[in-house]
Amino acid sequence: MTRSWPFPQDLIEALHRARHVAALTGAGISAESGIPTFRDAQTGLWAKYDPMELATPQALRRNPGLVWSWYEWRRSLVRQAQPNPGHRALVELEKRVPRFTLITQNVDGLHQAAGSHNVIELHGNILRTRCADCGRRVEQWEPPAEGEAPRCSHCGGVLRPDVVFFGEPLPQEAWQRAVEAAEDCDLMLVVGTSAVVEPAASLPRIVFHRGKVLVEVNPQETPLSSLARYRLAGPAGQVLPALVQALDAHRAQKGA
Ligand code: OAD
């Protein structure tokens, strides 16, 4: 693995000067909290499970019980997980810049658990449940029979996690806010995402085409790597705290 820090001085200067910093995070930032990513070979969920059988509206119609139990298993992983130093470093960064927007593809709520405020969830939240038919968010339900999904007490529809399945549109307001942040920010950190799932992957490209600073934090290269002005090759839980530390040192030097 290439160690790209100590960081280039002009990166720290760009962070120091930025009026609006955005971050786009993916499953990699929660990997150090023990939540499996999707596309890492061997350990990624999609290496073991077929997303078309588990994370599509068709799968839900075909086999709601299977979809429900798979998400129950993922929910149990999320409930046991704690934010890691990568999540916490983004909380610290939010305190240090005039405007900070955190856009996440993750459904685990760990950014909010760490204390981040301005979080846009592009793919929903796995800890929320809603009815697939009437759309109501529900908090309680009767336990389902073995192998089945629970039902909505209002309309009898199947309950599902409040996440975006493949083939479904993103929540419109969240998407709109994310595009606005990409169009407005001076610097975007792209952390722990393979940057292959659209439309989320188009957000860093907006930043690139506007000539603003794109920074990738990922131990592996991605389709975005060639567009990033800075590539910080390492785990988010190490790179991000070091980045905040470098910013603090820079500010102390400048007397800020
Ligand atoms: P992926 O699993 O596609 O990518 C995870 C990325 O994190 C990879 O590029 C890894 O190299 C990187 N990574 C692994 N460990 C890391 C660490 N400790 N620090 C930093 N990076 C690390 O996950 P996403 O890009 O988030 O969608 O996937 C996008 C979407 O595809 C998900 O939101 C989900 C999935 O299907 C839906 O469920 C709608």
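Owing to the predicted nature of the structure, the values given are computational and were not obtained by experimental measurement. Both counts, for ligands and for their atoms, begin at 1 and track the order of listing.
The main-chain N or O of Leu224 is found under 3.5 Å from a side-chain atom of Thr222 such that the two form a donor-acceptor pair. Counting only distance, with no hydrogens or angles, the side chain of Asp108 and the backbone of Ile35 share no donor-acceptor pair below 3.5 Å.
Remark: minimum distance from atom 32 (C) of ligand 1 to any protein heavy atom is reached at Phe38 CE1, 3.6 Å. Closest to atom 27 (O) of ligand 1 among all protein heavy atoms lies His123 ND1, 3.5 Å. Atom 14 (C) of ligand 1 has its closest protein heavy atom at Asp40 OD2, 3.6 Å. Annotation: atom 6 (C) of ligand 1 to nearest protein heavy atom, Gly192 O, 3.4 Å. Remark: minimum distance from atom 23 (O) of ligand 1 to any protein heavy atom is reached at Ala27 CB, 3.5 Å. Scanning all protein heavy atoms for the shortest distance to atom 17 (C) of ligand 1 gives Gly28 O, 3.3 Å. Ranking protein heavy atoms by distance to atom 39 (C) of ligand 1, first place goes to Val164 O, 3.1 Å. Scanning the protein heavy atoms around atom 30 (C) of ligand 1, the nearest turns out to be Val197 CG2, 3.7 Å.
On a distance-only criterion, Ala236 and ligand 1 share at least one N/O pair closer than 3.5 Å. Not one N or O of Asn106 is nearer than 3.5 Å to an N or O of ligand 1, by distance alone. Distances between N or O atoms of Trp46 and those of ligand 1 include at least one value under 3.5 Å. Of the N or O atoms in Pro219, none lie within a sub-3.5 Å distance of an N or O in ligand 1.
No close placement of the Trp68 and Trp73 rings is indicated, their centers lying 6.0 Å or farther apart.
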Glu121 vs Thr104, side chain to side chain donor-acceptor pair (under 3.5 Å): CA-CA, chis, key distance, verdict: CA-CA 5 Å; Glu121 289 179 322; Thr104 188; over 6 Å; no

Test His87 against Ser30 for side chain to side chain donor-acceptor pair (under 3.5 Å), laying out the working first. CA-CA 8 Å; His87 296 105; Ser30 294; 3.2 Å; yes

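Across the listed options Thr25, Asn84, Asn218, Asn218 owns the non-hydrogen atom lying nearest to atom 8 (C) of ligand 1.
Residues Asp184 and His20 bring a donor and an acceptor atom of their side chains to less than 3.5 Å of each other.
Neither the backbone nor the side chain of Phe165 comes within contact range of ligand 1; no heavy atom lies under 4.0 Å.
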